[in-house]
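Written below as structure tokens is the structure these notes are about.
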Amino acid sequence: MNAISPVLFQRIKTSPFWLLTIGSGLMAIHLTLVWRADNPNTLGTSILFWSAVASMIWQRRYDLKLESGMLASLIGFLLIAVILIRIYSIPLGGNFFDLIPVLSGLGLGLLASGFRGLKQYWTELVALFFIGAPRLLEPWIVDISPITAKFSAFVLWYSGFDAKLNGVYISLPTGTVEVYPGCSGIETMIHLLGLALLFLLMFPTHWIQKILVPIVAFSLGFIVNGFRVMLLAILVAQNNTEAFDYWHHRDGSFVFSIVAVLLFGLFCWFLLQQNDREPQQTMEGYEL
């Protein structure tokens, strides 16, 4: 066994085919687990982030240094082995489940390039971390439920509803809804911040845009969720339990996440269009 292991590690760390096979397998395993968890929002985000990471690696494939030492290869192999062993016993919503993407990337990076070459993959590792970031970071973030409730109550009042606010409770004449932390919108906001990070990593932007993109992502997540809470309050006031359950727990919640992503996508598309026009305008000014 001692004589075979060095040969195995050497083949893995020098063969792009084996690295591609292992990476594809880890990605497929994680996406399968997310699919089994029956969370469309997380599944869509996971597919998007994994695709972006794969694209970034593929674009830089000829520039990557695939040189790994025995210790780094061993640690990388053990990380992947732990993932493969734990997937049969971990809960689908646990912390280890949310760490699978970044641990997979870390293990594969150590196998491919060792400790010194791991810095080549820092952008991909950060992106993989953001797949599970909403649930990992949520316990450490200040509860914004009162702010969400205040925003939704104000929109209701401004729209002509007789809405009253008491802490995190939004009251209409015929019903009251509580905005608890799970409905504060923080998960959507963190997802959009992750998308903002991907956009900044994959496309050239000005320093003003680097500041503006995360702010817009965070704001869109908050505003879209605020309208979702407003809709839920109206449905409670109408005693429409079936519609409330749909927009609160089922596919309706996913619809609002899609709307937030589409709006942010349109904003990013607008920025790219502006960036494409600037060089053309500069050239025209130079010719004049």
Side-chain angles (χ1 to χ4, degrees), residues 39-42 44-45 130 133-135 137-197 199-200 208-274:
N39 190 333
N41 188 19
T42 304
T45 302
F130 264 88
R135 286 179 298 274
L137 297 178
E138 193 169 352
W140 307 94
I141 297 176
V142 176
D143 182 17
I144 63 170
S145 299
I147 302 176
T148 302
K150 186 177 295 186
F151 171 80
S152 299
F154 172 78
V155 175
L156 282 168
W157 173 81
Y158 190 80
S159 301
F161 292 90
D162 184 17
K164 297 180 180 179
L165 178 67
N166 183 16
V168 294
Y169 293 91
I170 302 174
S171 298
L172 293 173
T174 55
T176 300
V177 65
E178 177 186 1
V179 184
Y180 58 89
C183 284
S184 66
I186 194 65
E187 183 174 346
T188 302
M189 286 183 266
I190 296 177
H191 274 308
L192 289 183
L193 284 176
L195 294 178
L197 172 68
F199 176 78
L200 294 176
I208 296 179
Q209 294 173 341
K210 294 183 187 299
I211 299 174
L212 183 62
V213 168
I215 294 176
V216 171
F218 195 84
S219 301
L220 279 176
F222 177 81
I223 293 172
V224 171
N225 182 76
F227 278 96
R228 171 174 169 264
V229 172
M230 183 186 74
L231 174 62
L232 294 176
I234 295 173
L235 293 175
V236 168
Q238 295 177 346
N239 198 26
N240 193 337
T241 305
E242 183 177 353
F244 176 85
D245 290 339
Y246 176 82
W247 291 105
H248 186 218
H249 298 293
R250 294 181 294 189
D251 294 341
S253 175
F254 182 55
V255 169
F256 277 92
S257 298
I258 291 295
V259 169
V261 172
L262 289 177
L263 290 175
F264 180 68
L266 288 174
F267 170 75
C268 292
W269 176 82
F270 173 77
L271 287 185
L272 292 178
Q273 293 295 109
Q274 292 296 111

Inset, instruction - Measure across Phe227 and Phe256 and return the closest heavy-atom pair with its distance rounded to 0.1 Å. - result: C-CE2, 4.2 Å
Inset, instruction - Find the distance between CD1 (Ile190) and CZ (Phe218) and round it off to the nearest 0.5 Å. - result: 8.0 Å
Inset, instruction - Could you walk me through whether Leu192 and Leu220 pass side chain to side chain contact (heavy atoms under 4.5 Å, CB included), step by step? - result: CA-CA 8 Å; Leu192 289 183; Leu220 279 176; 4.1 Å; yes
Inset, instruction - Check whether any side-chain heavy atom of Phe154 sits under 4.5 Å from a side-chain heavy atom of Leu165, and report yes or no. - result: no
Legend entry - Gap between atom CD of Gln209 and atom CZ of Phe267 - 0.5 Å precision: 7.5 Å
Legend entry - Beyond-backbone contact of Leu272 with Phe199, side-chain heavy atoms, under 4.5 angstrom: yes
Inset, instruction - Would you give the length of the straight line joining atom CZ of Phe264 to atom CG of Leu193, rounded to the nearest 0.5 angstrom? - result: 8.5 Å
Legend entry - Nearest heavy atoms of Ser184 and Ser145, plus distance in Å: CB-OG, 3.7 Å
Inset, instruction - Evaluate the side chain to side chain contact (heavy atoms under 4.5 Å, CB included) criterion for residues Tyr246 and Leu235: first the C-alpha distance (whole Å), next the side-chain angles of each, then the deciding distance (0.1 Å), finally the verdict. - result: CA-CA 11 Å; Tyr246 176 82; Leu235 293 175; over 6 Å; no
Legend entry - Closest non-hydrogen atom pair between Gln238 and Thr174, with its separation: N-OG1, 4.5 Å
Legend entry - NZ/Lys210: more than 12 non-hydrogen atoms of other groups inside 6.0 Å: yes
Legend entry - Exercise: identify the closest heavy-atom pair between Met189 and Gly221: CG-C, 3.7 Å
Legend entry - Minimum heavy-atom distance between Ala149 and Ile170, given as atom pair plus value: O-CD1, 3.6 Å
Legend entry - Atom pair CG (Leu232) and OG (Ser152), whose distance is rounded to the nearest 0.5 Å: 9.0 Å
Legend entry - Euclidean distance, Cys268 SG relative to Leu200 CG, rounded to 0.5 Å: 8.0 Å
Legend entry - Within 6.0 angstrom of Tyr180 OH, more than 12 heavy atoms from elsewhere: yes
Inset, instruction - Flag the pair Val224 / Thr188 as yes when at least one side-chain heavy-atom distance between them is below 4.5 Å, and no otherwise. - result: no
Inset, instruction - Find out whether Asn240 and Glu242 are in side-chain contact, i.e. whether some heavy atom of one side chain is under 4.5 Å from a heavy atom of the other. - result: yes
Legend entry - Where Met230 and Val155 come nearest, the two heavy atoms and their spacing: SD-CG1, 3.2 Å
Inset, instruction - Please test Val236 against Thr176 for side chain to side chain contact (heavy atoms under 4.5 Å, CB included), starting from the C-alpha separation and ending with a verdict. - result: CA-CA 7 Å; Val236 168; Thr176 300; 5.9 Å; no
Inset, instruction - With rounding to the nearest 0.5 Å, note down the distance linking CZ in Phe244 to CG in Leu231. - result: 9.5 Å
Legend entry - Evaluation steps, side chain to side chain contact (heavy atoms under 4.5 Å, CB included), between Ser257 and Glu187: CA-CA 10 Å; Ser257 298; Glu187 183 174 346; over 6 Å; no
